[in-house]
Amino acid sequence: MTGHDAAKPFLDQIDVHERELAEQAEQIRAQIEELTARLAELDTGIENLQITRKTLRGIAAEFPSGPAPEPALAPPAVPEHPAYQQILTVFADVGGPLRARDLCQALNLPIIAKNTEGIRSKLKRLASRGILTEPEAGLFAQPRP
């Protein structure tokens, strides 16, 4: 019996064990692919929920829930952001109704959609709180006492 013949059972055993490990490795690679795809789906779902939360918070800020407080009981609260103070200062200086575009000009903002829509949103928020009125669509004014 040669050395090769004596090692043959061990070599056969190694071949069997190597095939088993290769099969296990392939199964784990398939699981990793499946889990990677599932993880990507979950990450997308999380991102979508974060966007939805942000959108809903924006909508909630536009339409506060519940009835507006009575003006005689509590004066309407002006949002703390400086932009609202600037808007109300322009209204006080002008003394008449304004559109979002006019307000952009008065605030020295470029007349672009982003700015006019942002100002319009702020005007709508002030109107919803009773700080401004909207006598006609897109036209805003301070309420008369």
Taking the side chain as C-beta and beyond, is there a heavy-atom pair between Ile111 and Asn115 under 4.5 Å? no
Which residue pairs pass the salt bridge (charged side-chain N to carboxylate O under 4.0 Å, His left out) test with at least one member in residues 102-122, sequence neighbours excluded? Glu117-Arg120
Please tell me whether Leu88 and Ile119 are part of a single hydrophobic cluster in this structure, the criterion being side-chain heavy atoms less than 4.5 Å apart. yes
Restricting to salt bridge (Lys or Arg N to Asp or Glu O under 4.0 Å), what partner residues turn up for Arg38, sequence neighbours left out? Glu41
Rounded to the nearest 0.5 Å, how far does CG of Leu123 lie from OG1 of Thr133? 11.0 Å
What is the distance from atom CZ of Arg125 to atom NE2 of His81, rounded to the nearest 0.5 Å? 10.0 Å
What distance do Leu11 atom CG and Asp5 atom CG have between them, rounded to the nearest 0.5 Å? 10.5 Å
Note: Glu136-Arg99 ion pair, threshold 4.0 Å (strictly below): yes
Which pairs with one or both residues in residues 13-25 pass salt bridge (charged side-chain N to carboxylate O under 4.0 Å, His left out), sequence neighbours excluded? none
Should Val94 and Leu139 be counted in the same cluster of Ile, Leu, Val, Met, Phe, Trp and Tyr side chains packed under 4.5 Å apart? no
Examine distances only and state if a side-chain atom of Thr116 and a backbone atom of Ala100 form a donor-acceptor pair shorter than 3.5 Å. no
Gap between atom CG of Leu98 and atom CD of Gln105 - 0.5 Å precision: 10.0 Å
Hey, does Tyr84 have a side-chain heavy atom less than 4.5 Å from the side chain of Leu126? yes
Working to the nearest 0.5 Å, report the span between CD of Gln86 and CG of Leu109. 8.0 Å
Distance (rounded to the nearest 0.5 Å) between Ile131 CD1 and Phe91 CZ: 11.5 Å
